[in-house]
Number of protein chains: 2
Amino acid sequence: MNGTVTLSGQEVDILLTIYDISKMAGVSIATVSRVLNESANVRPDTRRKVLEVMEQSGYTPNAFARGLGLNSMQTIGILCTDSSDLYLAKAVYYIEQDLRAGGYHSILCCTGYRLENKKSSLELLLRQKVDSVILVGSNFIEAEDADNQYIRDAAEQVPIMLLNAYFDHPNVFCSLCDDLGATQQAALSLIDSGIPDILYLYNSRSYSARKKLAGFQSACQLRGLPNADALQQFYSGSSADVEGICRFISSLHDGGLSFRAVIASDDVLATAAVKYARLRGQRIPSELSVIGYNNSILALCCEPELTSVDNRLEEISRQLVKTLIGTLNGIPMPAKTVFPGRLVQRGTTALPSPA
Amino acid sequence: MNGTVTLSGQEVDILLTIYDISKMAGVSIATVSRVLNESANVRPDTRRKVLEVMEQSGYTPNAFARGLGLNSMQTIGILCTDSSDLYLAKAVYYIEQDLRAGGYHSILCCTGYRLENKKSSLELLLRQKVDSVILVGSNFIEAEDADNQYIRDAAEQVPIMLLNAYFDHPNVFCSLCDDLGATQQAALSLIDSGIPDILYLYNSRSYSARKKLAGFQSACQLRGLPNADALQQFYSGSSADVEGICRFISSLHDGGLSFRAVIASDDVLATAAVKYARLRGQRIPSELSVIGYNNSILALCCEPELTSVDNRLEEISRQLVKTLIGTLNGIPMPAKTVFPGRLVQRGTTALPSPA
DNA sequence: ATTCAGGATGTAAGGGCTTTCATGGGGATG
DNA sequence: CATCCCCATGAAAGCCCTTACATCCTGAAT
């Protein structure tokens, strides 16, 4: 019993409740609720009448009360270490889009990289009664905290979705790119075209970063190359400091390291490698080949354009949401979906000789 | 009256309610609620006791019931045309961070660029009973729909916050960069260094895009240059298609347009201009100067590094949240805050001759 | 000692919805 | 025509909090 509302002339829609609607439609609140929830067992003409009243009066159900009753607000939590990261932002975008198309809301939470904050953010989301939490990016599977207890705990309450990371646990679902295979393929393509001295450059120790590194190592092993630690270099500075990365590569070279190709764990690192080559006067790709990762817009902005691994971000993101929605609807879903990566050849590598 | 919980041994925390806590602490639910809401008038030791029980039992208040009672869930809606856009993603990041620091949750909604979707997304958020909506990016202030009715409507319900756009209306608050002034300054710096034939390249008709264009035009006027429409070119293709932009610039040149500098409305366009110059064999900056906008990581990845306008994204984002939180707390806040832009000189422009 | 003000606490009435259970009305069946 | 069932509907009891109002108690003022 709230705002007075005239059906014909458009009056204010102040705080209409299910009671008002039931009165106007001449039915009980239970029936209105049934219409609202699209539950069966409402006669078509009754339904129509109720819908009509709701429409004309501009009624809009109170989300809190709804949540209270249903104990769910059709909301998914999205946890992301850093949504300003080009790669993660894109993932968040795809995910949010598909969630919304599926009738869910998304509440975003950027945690930063400290484990402590990840934990507390996750708890915060669960407190908000989200129906699931999506962990965007492989930074949530810690190497150090091997048991990932905070994820186990969360999985007790709601399904936990992992983008581009894998963790074998009940109620945890994963959608990821085969980063190991993709990096291996990238390395093999260089080795087999006659470039065995490859510098592998990375700047993260996340799950997928570890896989990429393993892929590089396995390629070396496959071809019987010495597993030279010196050729696997971790860059610990800011990942946006192109200058700094450039200097880092220079220092490696000046330290006596010799390499004729660079495989980088992301496109920024690769771009910096290209820049390094230009500064040193090395020609690309004849004197230095470069392969990036993520196939982002940076690959296109680079000069020459960057050969880069496409890690199927869109596919794995959309698949993850598909899996989630299925799970929430009680449909059994695979706990793990893997997409192969794809090496996109561009100007920083010589085209592979036709077989 | 729910899950049995032993205070000492750690039992399950299934569905504890305020009643359980009140019983355990030997107080009434009202008192527990007061502690929860940090309202005054609770004796310190009572408060301590309640907090202790809550702590030990792992109680966590039900967000829905809370929302129902308070008619607010401390949640802010973030509306964004495209969170995968480098620029917007960064803004979302800063905003989310500060909101969370201020005790608010953020629910994200990507609308795409169609007005219809923007409207419906905004309504959706209001239905969710958010305490305010932040419109990220100047794409929400339409040129065509000059009255911006959907924003007016929303402002009736909650404060509406505009990032990098301005709309003069009660309960609408704006934080923006002086894009007009910044672009004017960029253009003047080129003109005054002896380059009057500047191509202005843009790819959006958003509020800020219009301001930038106006800035360019006013610079031309100030220096008495003919306002050649041909030198203001709108690129309508995909904003990520670097190749396409390159071709577009080439076609302008081939069409007989002559220019010795390019000012672009974002860094992707500018990067493409640099690429164009390289393809044509033009030296940068001696034969072609280029100025980008946003001062993003693209500016650093470019070779040579891009001179670009820093539009103070972090500052305007944080200011917006500050204004919002003040407003929500009943503190009078300025409806409009403007930050000046800043031209960051790098390799694509000749250093200004020392005055 | 008596009164009073005011702070600390408790009681109970919502807040708007969902859902169980009971009821009534038809159609199908015998 | 009587019986049975099932479907559509309604009444009412939650869901878990907040908060206005009532109550009690304390120390200060007289």
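Just so it is clear, the values below take in all heavy atoms, side chains as well, and ignore hydrogens, waters and symmetry mates. Letters A, B, ... mirror the listed sequences (proteins, then strands); counts begin at 1.
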Got a sec, which residues hit side-chain hydrogen bond (donor to acceptor under 3.5 Å, both in side chains) with T81(A), two or more places apart in sequence or on another chain? none

For residues 316-336 of chain B, please give each side-chain donor-acceptor pair under 3.5 Å, one per line with the distance, not counting sequence neighbours.
unit_1  : atom_1 : unit_2  : atom_2 : d
S317(B) : OG     : L313(B) : O      : 2.7
R318(B) : NE     : E314(B) : OE2    : 3.0
R318(B) : NH1    : D98(B)  : OD1    : 2.5
R318(B) : NH1    : D98(B)  : OD2    : 3.2
R318(B) : NH2    : Q97(B)  : OE1    : 3.4
R318(B) : NH2    : E314(B) : OE2    : 3.0
Q319(B) : NE2    : T323(B) : OG1    : 3.1
T323(B) : OG1    : Q319(B) : O      : 2.9
T327(B) : OG1    : T323(B) : O      : 2.8
N329(B) : ND2    : I325(B) : O      : 3.1

Check residues 37-45 of chain A and write down every donor-acceptor pair under 3.5 Å in which the side-chain atom is one partner and the other belongs to a residue at least two apart or another chain.
unit_1 : atom_1 : unit_2 : atom_2 : d
N37(A) : OD1    : R66(A) : NH2    : 3.1
N37(A) : ND2    : S33(A) : O      : 2.8
N37(A) : ND2    : S33(A) : OG     : 3.4

Among residues 62-74 of chain B, which ones have heavy-atom contacts with DNA chain C below 4.0 Å? A65(B), L68(B)

Check the distance between dC17(D)'s P and Q128(A)'s CD and give it to me in whole angstrom. 14 Å

Test log, rule side-chain contact (heavy atoms from CB on, under 4.5 Å), inputs E96(B) and L99(B): CA-CA 5 Å; E96(B) 198 273 347; L99(B) 281 179; 5.7 Å; no

At under 4.0 Å, does any side-chain N or O of N41(B) touch on OP1 or OP2 of dT9(C)? no

List the atom pairs, donor and acceptor, that lie under 3.5 Å between side-chain atoms in residues 68-78 of chain B and the rest of the protein, sequence neighbours left out.
unit_1 : atom_1 : unit_2  : atom_2 : d
S72(B) : OG     : Q74(B)  : N      : 3.2
S72(B) : OG     : D131(B) : OD1    : 3.1
S72(B) : OG     : D131(B) : OD2    : 3.0
T75(B) : OG1    : M73(B)  : O      : 3.0

List in chain and number order the residues that pass side-chain hydrogen bond (donor to acceptor under 3.5 Å, both in side chains) with E315(A), two or more places apart in sequence or in another chain; answer none if no residue qualifies. R312(A)

State, to the nearest 10°, the angle formed by the axis through the first five base pairs of the helix from dA1(C)-dT30(D) to dG30(C)-dC1(D) and the axis through its last five. 40°

Who passes side-chain hydrogen bond (donor to acceptor under 3.5 Å, both in side chains) against E116(A), sequence neighbours left out? R114(A)

Before giving the answer on side-chain contact (heavy atoms from CB on, under 4.5 Å), spell out for F167(B) and I160(B) the whole-Å C-alpha distance, their side-chain angles and the decisive distance to 0.1 Å. CA-CA 10 Å; F167(B) 181 50; I160(B) 300 295; over 6 Å; no

Any donor-acceptor N/O pair, N164(B) side chain to S175(B) backbone, under 3.5 Å: no

Is there a residue in residues 43-51 of chain A whose heavy atoms reach under 4.0 Å of DNA chain D, and which residues are they? R43(A), T46(A)

CZ of R127(B) versus P of dC17(C): gap in Å, rounded? 13 Å

Set of side chain to side chain contact (heavy atoms under 4.5 Å, CB included) partners for A25(B), sequence neighbours left out: V27(B), V50(B), V53(B)

Distance check needed: dA8(D) P versus R34(A) CZ, whole Å only. 10 Å

I151(A) CD1 to K119(A) NZ distance, which is reported to the nearest 0.5 Å: 10.5 Å

I21(A) CD1 to dT18(C) P: how many Å, rounded? 13 Å

Across all chains, not counting sequence neighbours, the side-chain hydrogen bond (donor to acceptor under 3.5 Å, both in side chains) partners of K118(A) are E142(A)

Which residues in residues 25-32 of chain B have a heavy atom closer than 4.0 Å to any atom of DNA chain D? I29(B), A30(B)

side-chain contact (heavy atoms from CB on, under 4.5 Å) between F140(B) and Y150(B), worked out: CA-CA 10 Å; F140(B) 290 94; Y150(B) 76 116; 3.6 Å; yes

If you take atom types as modelled and just measure distance, does the side chain of Y19(B) reach the base of dC15(D) with a donor-acceptor pair under 3.5 Å? no

Using a cut-off of strictly less than 4.0 Å, decide whether S33(A) has a side-chain nitrogen or oxygen near OP1 or OP2 of dC17(C). no

